[in-house]
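Inspection log for the structure reproduced underneath, given as structure tokens.
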There are 2 protein chains.
Amino acid sequence: MNDDSSRCRSNCPINFALETFGDKWTLLIIRDMMFKGKRRYGEFLASAEGISTNILASRLQRLEASGLIVSSKDPANRGVALYQLSPKGKDLLPVMLAITSWSGRYDALSSAPAAFLEELESDREGLTRKIRAAMEQT
Amino acid sequence: MNDDSSRCRSNCPINFALETFGDKWTLLIIRDMMFKGKRRYGEFLASAEGISTNILASRLQRLEASGLIVSSKDPANRGVALYQLSPKGKDLLPVMLAITSWSGRYDALSSAPAAFLEELESDREGLTRKIRAAMEQT
DNA sequence: CTGTATCCTTAGGGATACTG
DNA sequence: CAGTATCCCTAAGGATACAG
């Protein structure tokens, strides 16, 4: 039944993560949902990195298939799709914070404010809870 | 001079990380160095995922160019190269831990022992310091 | 605006032969 | 064993046209 094993290179957790979101675009969509509150197709398209329409559609499908996001139809807006993080997707928050912290330390161009990075370093667990609580409200 | 800006999609820290190690192979090499103590070409080749020789050579070059690893010649062994994590590479430890924790929660096949994952959850900072200290000794 | 479909180019990468 | 080089194929992805 579960013959996806043919596509699974190993049982390593790092490898599992790479096969789930290890490409150049997926984490950017996660970022847009997690930190920028984006929920619609056009909002993702508008991000600075310039994802193209076919790639965005492909990634949204893949993200939903792997359970990181859920889509719903917005009845107030011609049944247009709204994309949101699932709990599984929201649980990527510590990964995103760790990445942000690392980049802030080594990339002079990364635009994350120094104060934000300092807070990340000094109280990572507390900030995690805070952001998570904020996200749960929506 | 620094016209690499043409290859930089944005100044976002998530994007910076993706452009540094956001492919299907790089983090596996980091993992081998960080958690398995591998240092030589043949050791990376032998990992379960089956990286091919040209990709491995390409990734080792890229990793050294971006400063995540350093290579040295082993005078005791025909001047063969030894690859090790730089401080910048070792600082990816929190990223690796966060990924491992997430995969352990959602991938039934991930082989990380439950006890290890529980320890990650209950005392992530402490474990981070412990593993880091262990790595610094070499 | 929200997608889908198509065309086409390039980069990623598998297999393998080869050299020191 | 430690790499390099080559061949070739597939998947990723950019551009753009098109449809609801």
Side-chain angles (χ1 to χ4, degrees), chain A residues 4 6-10 14-15 18-30 32-33 36-66 69-84, chain B residues 4 6-10 14-15 18-30 32-33 36-66 69-84:
Chain A
D4 295 302
S6 55
R7 289 202 168 191
C8 180
R9 299 183 294 185
S10 75
I14 299 292
N15 183 60
L18 288 174
E19 296 190 349
T20 306
F21 53 80
D23 70 283
K24 293 280 187 187
W25 294 107
T26 298
L27 282 189
L28 297 178
I29 300 174
I30 303 280
D32 283 351
M33 292 183 175
K36 305 192 176 184
K38 298 189 177 186
R39 293 188 300 174
R40 290 184 302 114
Y41 192 87
E43 293 178 306
F44 305 126
L45 266 189
S47 285
E49 291 84 9
I51 192 171
S52 58
T53 58
N54 51 348
I55 302 298
L56 175 57
S58 142
R59 290 306 181 277
L60 288 172
Q61 285 182 9
R62 183 186 299 180
L63 279 165
E64 189 167 16
S66 56
I69 69 174
V70 290
S71 74
S72 56
K73 299 294 182 183
D74 182 2
N77 190 11
R78 308 190 327 279
V80 145
L82 286 181
Y83 304 97
Q84 298 178 78
Chain B
D4 294 304
S6 54
R7 289 201 167 196
C8 182
R9 299 183 293 184
S10 75
I14 299 293
N15 183 61
L18 288 174
E19 294 190 351
T20 306
F21 53 80
D23 70 284
K24 293 282 189 188
W25 293 109
T26 298
L27 282 188
L28 296 177
I29 300 174
I30 303 281
D32 284 351
M33 292 183 175
K36 306 193 176 185
K38 298 187 176 185
R39 292 188 299 174
R40 290 183 303 111
Y41 193 87
E43 294 179 304
F44 304 126
L45 266 190
S47 285
E49 292 83 10
I51 193 171
S52 59
T53 59
N54 51 346
I55 302 299
L56 175 57
S58 142
R59 290 307 182 274
L60 288 172
Q61 285 181 10
R62 184 185 300 180
L63 279 164
E64 189 166 15
S66 55
I69 70 174
V70 289
S71 74
S72 56
K73 300 293 183 183
D74 181 4
N77 189 14
R78 309 190 327 282
V80 144
L82 286 181
Y83 304 96
Q84 298 178 77

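Chain letters run A, B, ... following the sequence lines, proteins first, then strands; residues in each count from 1. This is a predicted model, so every value here is computed, not measured. Just the heavy atoms: all of them, side chains too, but no hydrogens, waters or symmetry mates, feed the values below.
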* Answer yes or no: is there a side-chain heavy-atom contact under 4.5 Å between Leu28(B) and Arg59(B)? => no

* Under 4.0 Å between a side-chain N or O of Tyr83(B) and OP1 or OP2 of dG3(D)? -> yes

* Asked: Which of these nucleotides, dC1(D), dG14(D), dT2(C), is closest to any side-chain atom of Ser52(A)?
  -> dG14(D)

* Would you kindly check whether a donor in the side chain of Asn54(A) faces an acceptor in the base of dG14(D), or vice versa, at under 3.5 angstrom? => yes

* Provide, to the nearest angstrom, the distance between the CG atom belonging to Leu56(B) and the P atom belonging to dG13(C). => 12 Å

* Is there a donor-acceptor pair under 3.5 Å between the side chain of Gln84(A) and the backbone N or O of Ser72(A)? -> no

* Structure fact -> Of dT2(C), dG12(C), dG13(C), the nucleotide closest to the side chain of Trp25(B) is dG13(C)

* To do: Can you tell me the distance, in whole Å, between the CD1 atom of Ile29(A) and the P atom of dG13(D)?
  => 10 Å

* Asked: With sugar-phosphate meaning primed atoms plus P, OP1 and OP2, does Phe44(A) contact a base, only sugar-phosphate, or nothing at under 4.0 Å between heavy atoms?
  -> nothing

* Asked: Taking atom types as modelled and ignoring hydrogens, do the side chains of Lys36(B) and Ser47(B) form a donor-acceptor contact shorter than 3.5 angstrom?
  -> no

* Could you give the CD-to-P distance, from Glu49(A) to dA12(D), as a whole number of Å? -> 19 Å

* Verify, without hydrogens or angle tests, whether Tyr41(B) (side chain) and Thr53(B) (backbone) share a donor-acceptor contact under 3.5 angstrom. => yes

* In whole angstroms, how far is the P atom of dA11(C) from the CD1 atom of Ile55(A)? -> 15 Å

* Asked: Would you say Leu63(A) and Ile29(A) make side-chain contact, with heavy atoms under 4.5 Å?
  -> yes

* Pick the nucleotide of DNA chain C nearest each of Leu82(A) and Ile51(B); which residue has the one closer to the 5' end? -> Leu82(A)

* 5′-ward residue of the pair Arg78(B)/Lys24(B) relative to DNA chain D -> Arg78(B)

* Asked: With respect to the side chain of Arg40(A), which nucleotide from dC1(D), dG13(C), dT2(C) is positioned closest?
  -> dT2(C)

* To do: Check whether the side chain of Thr53(B) and the base of dT16(C) form a donor-acceptor pair under 3.5 Å.
  => yes

* Asked: In whole Å, what is the span from the CG atom of Leu28(B) to the P atom of dG13(C)?
  -> 11 Å

* Rounded off to whole Å, could you give me the CG-to-C1' distance for the Leu45(B) and dC1(D) pair? => 10 Å

* Could you state the atom-to-atom distance from CZ of Arg9(A) to P of dG13(C) in whole Å? => 8 Å

* Reckon Arg59(B) has a side-chain N or O less than 4.0 Å from the OP1 or OP2 of dG13(C)? -> yes

* What is the distance from NZ of Lys73(B) to P of dA2(D), rounded to the nearest Å? -> 12 Å

